[in-house]
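Every heavy atom of this structure was used, including side-chain atoms; hydrogens, water molecules and symmetry mates were not.
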Amino acid sequence: MSGNESRIQAIYQITNREPQPKKAPKRLEEMWATDVFTLSKMQECLPKTVFKSIKKTIQTGEPLDISVADAIALAMKDWAISKGALYYAHVFYPLTNATAEKHDGFISVQSDGSAISEFAGKLLVQGEPDGSSFPNGGIRSTFEARGYTAWDVTSPAYIMETDNGSTLCIPTVFVSWTGEALDKKTPILRSNAAMNKAATRVLKILGEKDIAPVNSSCGAEQEYFLVDANFANARPDLLLAGRTLFGRPSAKGQQFDDHYFGAIPERVQVFMQDVEERLYRLGIPAKTRHNEVAPGQFEIAPVFEAANVATDHQQMIMTMLRFTAKKHGFVCLLHEKPFAGINGSGKHVNWSVGNATQGNLLDPGDTPHSNAQFLVFCGAVIRGIHKYGPLLRSVVATAGNDHRLGANEAPPAIISVYLGSQLEDVFEQIRQGDLKSSTGKGQMHIGVDTLPVLPTDPGDRNRTSPFAFTGNRFEFRAVGSNQSVSGPLVAMNSILADSLNWVGDQLEAEIAKGLGLNDAIATVLKQVMELHGAIIFNGNGYSEEWHKEAVEQRGLRNLRTTADALPVLKEPEVEELFSKLGVLSPVELASRFETYAEQYILSIEVEAKLVVSMVKTMIYPAATRYLADLSNTALSLKEMGMDFDKETLEKVSSLTKSMMDCASKLTDALGQHDFASPEEHMQFISHTIRPLMDTTRTYVDTLEGELADDLWPLPTYQEMLFIK
């Protein structure tokens with residue numbers, strides 16, 4: 001297939017790879033949560049009073065009784081040591097979308113020189129990692145290094161096992177010396193508290209008496225690519241940027257739709273099973289696995305969990321995918337667009353709210369038109385998404401996600417809500433002030449006697465919608481595959497809390513006027529539809545007609561790039577939202593804008609530097625060697641009196657010159673640093689650097705189709721996507 005030495009060697013290593021030894025399958029019950037310090041394990045080893053206290057904190061959200069910390073720490077240490085752990089780590093989630101951890105030993109040296117294992121309550125509850133090198137967005141000066149981690153009791157501790165040993169991992173928040181959140185976890189805990197307070201108030205207005213704490217839930221579908229490590233290690237762009245900056249499309253891509261839900265390749269299935277066993281031991285409910293649309297692309301999806309725990313588990317899933325891929329000779333790519341011309345990867349965040357007494361508050365039941373509780377909460381979501389749609393766009397804005405949003409493979413950058421035909425009809429009746437009925441489930445007769453009659457949902461699904469109702473939850477489809485789900489969940493929880501507070505105010509005002517509860521609900525929901533119904537759209541979100549209608553007629557914003565979307569975080573309405581709910585202070589919100597703007601700029605600058613480097617040191621030498629070969633051939637043929645077709649020689653020469661000229665312009669552009677603001681710098685990156693990179697790529701990809709295969713220095717799309 002290839003005469004290039006490194007590519008030949010990579011293909012040889014892959015095709016002659018020893019198959020993974022088969023492992024005896026284990027029963028789920030034998031694996032489940034064996035590496036998690038669960039409530040049941042606590043009950044076995046804690047005094048009754050201590051267990052009762054910690055259980056109450058976990059289940060109701062009441063403050064931790066610090067007096068029980070020593071007993072819990074001792075039991076946690078003994079359990080961890082029994083699992084082979086010699087170290088513990090406070091695990092936290094800084095503003096990098098990655099996981100951070102500081103490891104300390106269970107060791108206390110005695111006066112006589114001996115050592116004992118020790119773990120006190122104060123070490124469990126609070127840690128102090130050096131916070132100087134984590135992004136803080138201007139919250140403090142670089143010489144101010146102190147940062148604190150604090151134990152999040154609601155997310156269970158666990159054992160992370162590697163070939164080199166085991167570590168007790170304790171989920172924590174991460175804050176500055178002055179108390180500002182420097183992490184992803186603190187805001188989600190605050191947003192859940194704000195949403196719980198607002199939801200409880202509305203439920204009381206609706207007549208509920210016994211109301212358990214309301215929590216948001218999350219089930220995040222994770223898409224990813226697998227590339228053999230032999231290929232990935234030969235591509236500087238994959239190693240440093242997570243995506244291919246060059247690459248001519250393979251003759252066969254995804255056009256046959258034969259990979260989607262197809263038979264999982266044996267080597268990949270062994271990898272998947274290994275991942276799932278590790279996840280089950282960590283109490284992570286991985287439920288679904290399958291081939292995705294693009295060749296080499298796959299998906300894993302867990303069952304719903306409480307949002308805070310689901311966020312931690314999602315970080316662990318990404319870590320486990322990368323870690324386990326190495327063991328199987330793969331590199332797991334979580335970039336949103338690692339390969340041009342085929343589908344990129346997202347992370348569909350399924351989100352709902354509910355509690356132990358009222359259940360799922362976004363479940364319409366069989367007769368949604370008469371389900372007042374559902375209509376009120378769904379109406380609050382509609383209002384919130386319309387009012388704060390640009391905020392939702394901003395929290396999924398990254399350099400990688402810009403390659404997906406707006407393309408015909410992912411939701412558009414315009415935020416809208418899909419309700420399905422049944423609920424759209426219900427809320428249209430509300431708008432008209434005449435709510436009477438709703439469409440029920442239907443039946444599907446397939447026409448085969450041996451097959452049963454199948455029930456059908458009252459509405460279809462819409463893959464082009466960024467925020468779609470899917471039966472008893474909303475699915476936020478615009479989240480990037482490499483992102484933490486915390487940011488989107490914080491935004492959705494906060495938006496809902498704000499809307500529920502507004503709904504509560506309106507209901508109380510209407511009831512004070514003398515309206516009965518049902519009439520008050522009808523009045524408020526009608527107002528929601530009149531003010532915010534423009535956000536509802538059930539059609540094709542990819543169409544040019546919708547883009548025009550959305551902006552020109554409905555007043556929705558089309559924030560196409562991260563450079564356009566991130567400044568939303570600085571808008572007064574967004575600052576007021578987070579501030580009044582106590583989710584993010586103005587200083588904390590400003591720090592996030594600064595951090596994410598810097599990450600956007602740095603990400604593309606790294607890619608641009610790689611483009612220049614790869615062009616100069618890999619592509620240009622290959623092109624000149626080919627030109628030399630062609631020239632020598634032309635001279636030899638001329639000496640023999642034979643004609644030589646110069647078209648290829650001239651084309652390659654022209655492409656090579658254009659490529660180098662463009663790379664030179666890119667180098668000059670990268671030298672500019674005199675920007676008045678992050679906003680100006682981002683726009684320059686978006687409108688100058690990115691187009692120069694794209695133009696350079698056009699020349700390189702065309703050259704790949706012209707040069708002799710044995711000279712091409714990079715593993716090709718055909719090889720990376722189809723050789724497993």
Side-chain angles (χ1 to χ4, degrees), residues 191 193-214 216 352-355 357-365 367-389 391 417 419 422-438 469 474 492-536 554-555 572-574 576-583:
S191 70
M195 189 272 297
N196 170 48
K197 182 178 179 181
T200 299
R201 176 194 173 199
V202 169
L203 288 172
K204 287 180 178 178
I205 295 173
L206 296 180
E208 299 290 350
K209 303 296 184 185
D210 180 22
I211 305 172
V214 179
S216 58
S352 190
V353 293
N355 62 6
T357 45
Q358 280 71 46
N360 183 353
L361 300 173
L362 289 176
D363 187 348
T367 55
H369 65 284
S370 61
N371 188 339
Q373 179 177 279
F374 163 76
L375 292 175
V376 166
F377 276 81
C378 189
V381 173
I382 292 169
R383 174 193 179 272
I385 303 304
H386 184 242
K387 189 171 176 63
Y388 298 106
L391 170 61
V417 173
L419 292 180
Q422 180 195 46
L423 291 184
E424 183 182 37
D425 177 60
V426 167
F427 277 95
E428 186 57 37
Q429 291 180 52
I430 290 172
R431 187 203 299 266
Q432 300 298 328
D434 188 26
L435 179 58
K436 292 181 178 179
S437 63
S438 55
F469 188 76
F474 282 94
M492 289 186 285
N493 288 345
S494 300
I495 287 168
L496 180 58
D498 177 78
S499 281
L500 288 173
N501 284 332
W502 180 87
V503 167
D505 291 343
Q506 301 305 309
L507 286 175
E508 288 176 346
E510 295 299 330
I511 292 170
K513 293 177 184 177
L515 284 182
L517 178 60
N518 288 336
D519 289 337
I521 292 171
T523 300
V524 172
L525 289 177
K526 187 175 189 298
Q527 189 177 357
V528 166
M529 288 303 296
E530 290 171 347
L531 295 174
H532 306 289
I535 197 68
I536 300 172
R554 302 196 185 203
E573 187 176 46
V574 172
E576 181 186 4
L577 167 73
F578 288 124
S579 181
K580 70 184 179 183
L581 293 173
V583 174

Return the minimal non-hydrogen interatomic distance between [X] and [Y], and the atom names on each side.
X	Y	result
Ser499	Arg383	OG-NH1, 3.0 Å
Gly533	Arg431	CA-NH2, 3.9 Å
Ser191	Val583	CA-CG2, 3.8 Å
Leu496	Ala380	CD1-CB, 3.8 Å
His386	Ala534	NE2-CB, 4.2 Å
Arg201	Glu508	NH2-OE1, 2.9 Å

[atom1]-[atom2] distance between [X] and [Y], expressed to the nearest 0.5 angstrom:
X	Y	atom1	atom2	answer
Glu573	Tyr388	CD	OH	5.0 Å
Glu424	Ile536	CD	CD1	7.0 Å
Leu362	Gln373	CG	CD	9.5 Å
Gln527	Thr523	CD	OG1	9.0 Å
Asp498	Lys387	CG	NZ	6.5 Å
Leu419	Phe474	CG	CZ	6.0 Å

Between the main-chain N or O of Gln429 and the side-chain N or O of Asp434, is there a donor-acceptor pair closer than 3.5 Å?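 Checking the backbone N and O of Gln429 against the side chain of Asp434, no donor-acceptor pair under 3.5 Å is found.
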Does Ser494 reach the main-chain N or O of Phe578 with its side chain, forming a donor-acceptor pair under 3.5 Å? no
Between [X] and [Y], do the side chains contain an N or O donor and an N or O acceptor separated by less than 3.5 Å?
X	Y	answer
Glu208	Gln358	yes
Asn371	Thr367	no
Glu428	Gln432	yes
Asn493	Ser216	yes

Evaluation steps, side-chain contact (heavy atoms from CB on, under 4.5 Å), between Val426 and Leu375: CA-CA 9 Å; Val426 167; Leu375 292 175; 3.8 Å; yes
Walk me through it: do Leu577 and Leu391 pass the test side-chain contact (heavy atoms from CB on, under 4.5 Å)? CA-CA 10 Å; Leu577 167 73; Leu391 170 61; 3.7 Å; yes
Are the side chains of [X] and [Y] in touch, meaning some heavy atoms are under 4.5 Å apart?
X	Y	answer
Val528	Ile430	no
Val376	Ile205	no
Val202	Asn501	no
Leu423	Pro368	yes
Val214	Met195	yes
Cys378	Phe427	yes
Val381	Val417	no
Ile385	His532	no

Considering only NZ, NE, NH1 and NH2 on the basic side and carboxylate oxygens on the acidic side, decide whether Lys513 and Asp519 come within less than 4.0 Å. no
Stepwise side chain to side chain donor-acceptor pair (under 3.5 Å) check, Ser352 with Asn360: CA-CA 7 Å; Ser352 190; Asn360 183 353; 2.6 Å; yes
So for atom NZ, which belongs to Lys580, do other residues, nucleotides or ligands contribute more than 12 heavy atoms lying within a distance under 6.0 Å? yes
